[in-house]
Structures are given as structure tokens and as C-alpha cells.
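Given the structure is predicted, the values throughout are model-derived calculations rather than measurements. Position 1 is the first residue of the sequence; numbering continues from there.
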Amino acid sequence: MSEVPSFPLDLARTPYSYIERPNRTILSLLKKHITDRSSEVRVLDVGCGCGANARALREDFPRAHVMGIEPNTRAARLAEKHCSEVFVGGLDAWLASGQSQPFDAVVLSDVLEHIVDPIGFLRSLREAPTTREAVWVISVPNYAVWYNRMRTLLGRFDYAWSGLYDRTHVRFYTRESIRELLGYCGLRVFDDRCTPSLVQSAAPFLRQFFKDDVASGNHLALTEAAPYRVYEKFVEPFEVARLSAVAGAARLSDRVRRQGCGVKGQKG
């Protein structure tokens with residue numbers, strides 16, 4: 001009898017299915033607002049996964065201390081290779097563990113879309129003594145991204161192993177709605193950038209080439225592939241430049257629409 005193919009919503013069969021890569025936009029924001037001031041920074045990476053962001057950050061800043069929080073045991077074990085330390089468990093358990101040393105930055109890289117109660121999540125993290133003076137760097141998938149508009153127009157919504165249609169996403173955001181959520185929780189945005197979406201849009205297709213790597217636990221295999229390195233060196237910078245121009249136009253539009261009431265910065 002042939003084996004039944006895995007289905008994305010079968011969480012028990014494939015508990016951790018991600019192919020991870022560092023979020024260069026998050027890293028650039030950390031460099032701009034944190035690591036340019038000191039190389040000995042303390043970063044709290046909530047939902048660190050296998051440690052892709054931590055690995056990239058510590059390659060550039062070896063003296064940075066990155067503490068990861070990761071509820072998935074398999075991912076946390078892999079993240080230990082790249083983070084300074086990893087707490088295995090959820091945010092509530094970490095808050096109850098009695099951490100005392102303050103952090104310079106809090107990273108939430110594609111985390112809030114997985115949280116049923118994002119307001120409670122953000123408020124409890126914001127009220128922790130160790131994060132009160134931290135700069136927060138947050139990314140979420142944009143539900144209004146170009147390829148989702150096309151799929152929605154065609155009446156398609158198919159759960160996938162990762163990406164925008166991730167099987168574990170329970171919340172969906174646009175650029176405006178995430179800013180509204182953060183403001184409601186007492187966080188004011190003082191910088192924002194767009195993340196390139198070319199690779200993300202191809203995630204379901206790319207995963208087909210890395211099934212064996214995922215099965216063996218090499219969730220960072222994409223970053224080791226030669227085609228991805230070519231993309232990262234030559235294509236991604238072009239994407240970033242184009243998106244920066246678009247974001248700049250959007251910010252100008254916001255200022256006009258808000259009659260000069262710009263968004264002012266505030267640490268977390």
C-alpha cells in the first residue's frame with residue numbers, strides 16, 4: 001500500500017515543517033537602531049525557530065547575546081547552535097522564569113500571526129521589566145501582498161506548510177492593521193520597511209526541493225543552496241530598493257492623509 005501524502009493541517013504527522021532563512025529586513029533594522037551603537041547587545045528573539053536570525057546576527061556581531069524563546073522542542077534544540085541561550089517553552093513560562101537582565105531589543109519575526117490573543121501577548125511582554133527599555137523589531141506577513149490578491153481574485157485559499165497560508169496562522173494583518181494593533185498596545189512605530197516577498201511567494205514550490213532536508217532536521221538548508229545565495233546577493237537588494245521606494249511613497253501618503261500627524265518613535 002502506498003503511503004498517504006502528508007496534508008498541511010495534519011499537525012501530528014509533521015510537527016515542524018519550516019524552511020528557514022534570516023529576515024534581512026529585521027537584521028538591517030537591528031543594525032540601524034541597536035548594533036551600530038554597541039556590539040555587545042542583548043537581543044530577545046521570541047519565537048526564534050531554528051535560529052536563522054540569531055545565526056546571521058552573530059556572524060556580523062559575535063559579541064551579541066541572543067536569547068531565544070521557542071515552544072517547539074525540535075526547533076529549540078537546533079536553535080541552541082546559533083543562540084547564546086534558548087528557553088524551551090512559551091512566553092508565559094519564560095515570563096514566570098524570573099529573568100532579570102534587561103534586553104536592548106525584542107525581535108518578533110513572523111510571530112504575531114500565530115498568536116490567538118496578540119493583545120494579551122504584546123502587553124504581557126511589554127510589561128516585563130527586562131523589555132521596558134528595549135527597541136522592538138516586529139515583522140508579520142502582509143495579507144494584502146500582491147500574490148495573495150491574485151489568489152483571492154481566483155477564489156483560492158489553500159493551507160500550506162509555511163508562508164502566508166501557513167497551517168498555524170490564526171491572525172492576518174495588513175500594513176495598516178498591524179500598526180493599529182501595535183498602537184492599541186502602547187507601542188508606537190518609528191521606522192518601518194517592507195520585506196522582499198519573491199522567495200516567500202514561492203515557498204510552497206521551493207519546499208518540494210527540501211523535503212529530505214526538513215525530514216532530517218536541516219531547516220536552514222535553503223540558505224546553504226547556491227541558487228539562494230545568488231538571489232540573496234543580486235536579486236534581493238533590488239527588491240529591497242524597490243520596496244523602500246514604495247514604502248516611502250506610502251509614508252508620504254499617510255502624512256498627507258493624517259494632516260501632518262506623523263508617527264513618532266518610542267521604545268517598547
Worksheet item: Where the side chain of Arg171 meets the backbone of Val116, is there a donor-acceptor pair that is under 3.5 Å apart?
Response: yes
Practice prompt. Go through the steps to decide whether Trp136 and Leu125 satisfy the test side-chain contact (heavy atoms from CB on, under 4.5 Å), and finish with yes or no.
Written response: CA-CA 11 Å; Trp136 293 42; Leu125 183 56; 3.6 Å; yes
Fill in: Separation between CG of Leu91 and CD1 of Ile69, rounded to the nearest 0.5 Å
5.5 Å
Fill in: Test item: Ser124 side-chain N/O and Gly120 main-chain N/O as donor-acceptor pair under 3.5 Å
yes
Discussion item. Please find the pair of heavy atoms, one from Glu20 and one from Gly49, that lie closest to each other, and give the distance.
Written reply: OE2-CA, 3.6 Å
Discussion item. Tell me whether Ser28 contacts the main-chain N or O of Thr25 through its side chain, where contact means a donor paired with an acceptor under 3.5 Å.
Written reply: yes
Worksheet entry | Nearest non-hydrogen partners of Ala52 and Arg21, listed with the distance | CB-C, 3.7 Å
Response to the item:
In this structure, OG1 of Thr223 is separated from CG of Asn218 (nearest 0.5 Å) by 7.5 Å
Worksheet item: After noting the C-alpha distance and the side-chain angles of Arg151 and Asp158, does the key distance pass the side-chain contact (heavy atoms from CB on, under 4.5 Å) rule?
Response: CA-CA 9 Å; Arg151 289 176 65 93; Asp158 304 305; 3.1 Å; yes
Discussion item. Please check: side-chain N/O of Arg55 versus main-chain N/O of His82, any donor-acceptor pairing under 3.5 Å?
Written reply: no
Worksheet item: When you measure from the side chain of Ser139 to the backbone N and O of Ser109, does any donor-acceptor pair fall under 3.5 Å?
Response: no
Discussion item. Using the rule given for side-chain contact (heavy atoms from CB on, under 4.5 Å), can you reason through His65 versus Gln101, listing the C-alpha separation, both sets of side-chain angles and the distance that settles it, and then say yes or no?
Written reply: CA-CA 11 Å; His65 184 97; Gln101 287 188 281; over 6 Å; no
Item to complete: Please confirm whether the backbone N or O of Ala75 pairs with a side-chain atom of Glu70, one donor and one acceptor, at under 3.5 Å?
Response: no
Worksheet item: Do Asp104 and Val43 have side chains that get closer than 4.5 Å, going by heavy atoms?
Response: no
Worksheet item: When hydrophobic residues are tied together by side-chain contacts of less than 4.5 Å, even through go-betweens, does Leu108 share a cluster with Tyr173?
Response: yes
Fill in: Ile119 and Asp117, any side-chain heavy atoms less than 4.5 Å apart
yes
Discussion item. Any non-hydrogen side-chain atom of Arg167 less than 4.5 Å from a side-chain atom of Thr14?
Written reply: yes
Discussion item. Tell me if a side-chain donor or acceptor on His219 pairs with a main-chain N or O of Tyr18 at a distance below 3.5 Å.
Written reply: yes
Item to complete: Can you establish whether the number of heavy atoms outside Arg149 located under 6.0 Å from its atom CZ is more than 12?
Response: no
Worksheet item: To the nearest 0.5 Å, how far apart are CG in Leu30 and CG in Asn23?
Response: 9.5 Å
Worksheet item: Between the main-chain N or O of Ala134 and the side-chain N or O of Thr131, is there a donor-acceptor pair closer than 3.5 Å?
Response: no
Worksheet item: Tell me, do Leu57 and Thr35 make a side-chain contact under 4.5 Å, heavy atoms counted?
Response: yes
Practice prompt. Working to the nearest 0.5 Å, report the span between CZ of Arg156 and CG of Asn148.
Written response: 12.0 Å
Item to complete: Give, for atom CG of Asn142 and atom CD of Glu113, the distance between the pair rounded to the nearest 0.5 Å.
Response: 11.5 Å
Worksheet, complete the sentence: By side chain to side chain contact (heavy atoms under 4.5 Å, CB included), Arg58 pairs with (sequence neighbours left out) Val66, Ser84
Response to the item:
Looking only at heavy atoms, the pair that brings Asp191 and Lys32 closest together is OD2-NZ, 3.0 Å
Worksheet entry | Note: Asp192-Arg179 ion pair, threshold 4.0 Å (strictly below) | yes
Worksheet item: Taking all non-hydrogen atoms of both residues, which atom of Ala128 and which atom of Leu95 are closest, and how far apart?
Response: CB-CD2, 3.7 Å
Item to complete: May I ask you to test the Leu122-Tyr184 pair for a side-chain heavy-atom distance under 4.5 Å?
Response: no
Item to complete: Would you mind reporting whether Phe209 and Pro227 have side-chain heavy atoms less than 4.5 Å apart?
Response: no
Discussion item. Are Val214 and Tyr16 linked, directly or through intermediate hydrophobic residues, by side-chain heavy-atom contacts shorter than 4.5 Å (ILVMFWY only)?
Written reply: no
Discussion item. For a quick test of reading the model, state the closest non-hydrogen atom pair linking Ala54 to Asp45 and the distance between them.
Written reply: N-OD2, 4.4 Å
Item to complete: Measure from the side-chain N and O atoms of Thr168 to the backbone N and O of His114, and report whether any donor-acceptor pair falls under 3.5 Å.
Response: no
Item to complete: May I ask you to list the residues sharing a hydrophobic cluster with Tyr147, side-chain cutoff 4.5 Å, ordered by chain and number?
Response: Phe7, Leu9, Tyr143, Val145, Trp146, Met150, Phe157, Tyr159, Leu164, Tyr165, Phe172
Fill in: Asp212 atom CG, over 12 foreign heavy atoms within 6.0 Å
no
Practice prompt. Provide the closest heavy-atom pair for Trp161 versus Ser17 in the form atom of the first, atom of the second, distance.
Written response: O-OG, 3.1 Å
Worksheet item: Backbone N or O of Cys48 within a donor-acceptor pair of the Asn53 side chain at under 3.5 Å?
Response: no
Fill in: Exercise: do Arg42 and Thr130 side chains pair donor with acceptor under 3.5 Å
no
Practice prompt. Evaluate the side-chain contact (heavy atoms from CB on, under 4.5 Å) criterion for residues Phe61 and Val41: first the C-alpha distance (whole Å), next the side-chain angles of each, then the deciding distance (0.1 Å), finally the verdict.
Written response: CA-CA 9 Å; Phe61 302 95; Val41 297; 5.9 Å; no
Practice prompt. Look at the rings of His33 and Phe190 and say which category their plane angle falls in: under 30° parallel, 30 to 60° tilted, over 60° perpendicular.
Written response: perpendicular
